[in-house]
Protein chains: 2
Amino acid sequence: MSRREPLSRDKVLDAALALAAEEGLDGLTMRRLAKKLGVEAMSLYRHVSNKADILDGIAERVFSQIDRPDPALPWHGQVRAMALGTYRAFARHPVVPMALATDQANPRTLAALRPLDDLVGALFQAGFDDAGVRRAMAAVNSLIFGSLMLTTAGFTSDDFYGDIDRQQLDGYLRRVDPAQLPHFSRLLALVPDTDREKDFEAALDMLITGLVAAAER
Amino acid sequence: MSRREPLSRDKVLDAALALAAEEGLDGLTMRRLAKKLGVEAMSLYRHVSNKADILDGIAERVFSQIDRPDPALPWHGQVRAMALGTYRAFARHPVVPMALATDQANPRTLAALRPLDDLVGALFQAGFDDAGVRRAMAAVNSLIFGSLMLTTAGFTSDDFYGDIDRQQLDGYLRRVDPAQLPHFSRLLALVPDTDREKDFEAALDMLITGLVAAAER
DNA sequence: ACCTGAACACCGTTCAAGT
DNA sequence: ACCTGAACACCGTTCAAGT
């Protein structure tokens, strides 16, 4: 990968997202990123203040990909659209929720906070008071990022159920004693056939049922 | 800290939990952990196979602190008790959800999976079919771990709102333009006064309302 | 203005060596 | 049996130096 034109913040962030997608959060190092850009590690610091800045930058990008809700929708329709859009945006870049969860990324720019503002706006439309909005916002955000986390990490990750690691699952299934964990082992067999986005939608609809009930009280 | 008796896996894990509580996930390194135990880093490998093993070990400990649900409770009472107990156990050890979220910990022992089995068991009692149980389990787990993640990281963390960082909040409040983020900035002022466990309970109750409605259909 | 080389203070882990 | 010292291949980041 030869490079004549000078680097830029955008090019660094492009490469960082690509590298993180290929190698995971651990694989995203200043030295590897520089190599990918055909440059020495220290050159990156001309365009980015440090690694935390890179992680904030890629997180902000993902936040800014989230569509704004249609204000003509009823409030719970807006919440649903926002939540699903947020889930989809981050599911495309699984390292970003990981960086957020560990506080390695914490973007506080307008672009990153806009989706949150839209969500909060929809919840105020529902008629919650301030504390009610705060709780509802926390509930929706928790479900989104928790779902991403379970999607991304652990025994339900694509990685684990990918073709390569299929044998690991078999080994795992054999190690889980159905006599000791009867319910879990019954469930384990059907995890590979799940559509995670559909599961998130189901969870979201259950939460929204509860939100609507709470708003009406 | 002098030490005459030999090390053991349990002592290593005790020290690891303590160090992680003091220094965070980043501060938990083999070298620092060894120093805390009055030993060289390489001695740890006699009692633990590597760092991932330590993280699995402390995660398993937290899982095993979760009380089993009272089988006399109705299914949704069992789910509620499990979820709250899980939240509380992990809230006491915030580095563990972080390690789980980034797949640095992934314990697969009986002790770690027992709480999950109990949760799944309660959901089968509700009358869901296999796919319904899987979705309900994902919903509950997502809400728990997402809530922990929001509690632990980012602008709602204790760290951020601790006495030391109070000025940071003020600076943040000043940087958030109410004209640009009207709803979010309205909410921001009251975040410091929140009881995060109470907020989790509110979110959980909303989700359970939705779960009950889904089970009855 | 933009990039680099050498250096510093760290990591996890290995391996042969000590007691 | 249990612990250690030196070493290896990495990190993020600094700083003075190159063009």
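Residue numbering restarts at 1 for every chain, and letters A, B, ... go by the order of the sequence lines. Everything quoted here is computed from the prediction, not taken from an experiment.
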Range-with-range stems of DNA chain D (Watson-Crick or G-U pairs under 3.5 Å, three or more in a row): C:4-8 with D:12-16, C:12-16 with D:4-8
Proximity to DNA chain D (any heavy atom under 4.0 Å), residues of residues 40-51 of chain B only: B:E40, B:M42, B:S43, B:R46, B:H47
[X]: which residues meet the salt bridge (charged side-chain N to carboxylate O under 4.0 Å, His left out) condition with it, sequence neighbours left out?
{"X": "B:D117", "answer": "none"}
{"X": "B:D67", "answer": "none"}
{"X": "A:E23", "answer": "A:R32"}

Covered region of DNA chain C, 5' end to 3' end, by chain B [heavy atoms, under 4.0 Å]: C:dC11 to C:dT14
Applying side chain to side chain contact (heavy atoms under 4.5 Å, CB included), can you list everything that pairs with [X], at least two apart in sequence or on another chain?
{"X": "B:R46", "answer": "none"}
{"X": "B:A138", "answer": "none"}
{"X": "A:A202", "answer": "B:R135"}
{"X": "B:V12", "answer": "B:L7, B:L33, B:L37, B:L44, B:H47, B:V48, B:I54"}

Partner set under ring pair (Phe, Tyr, Trp, His ring centres under 6.0 Å) for B:F124, not counting sequence neighbours: none
B:F90: ring pair (Phe, Tyr, Trp, His ring centres under 6.0 Å) partners, not counting sequence neighbours: B:F63, B:F145
5′-ward residue of the pair A:R31/B:R31 relative to DNA chain D: B:R31
Option from A:D205, A:L84, A:L148 for which side chain to side chain contact (heavy atoms under 4.5 Å, CB included) with A:F200 holds: A:L84
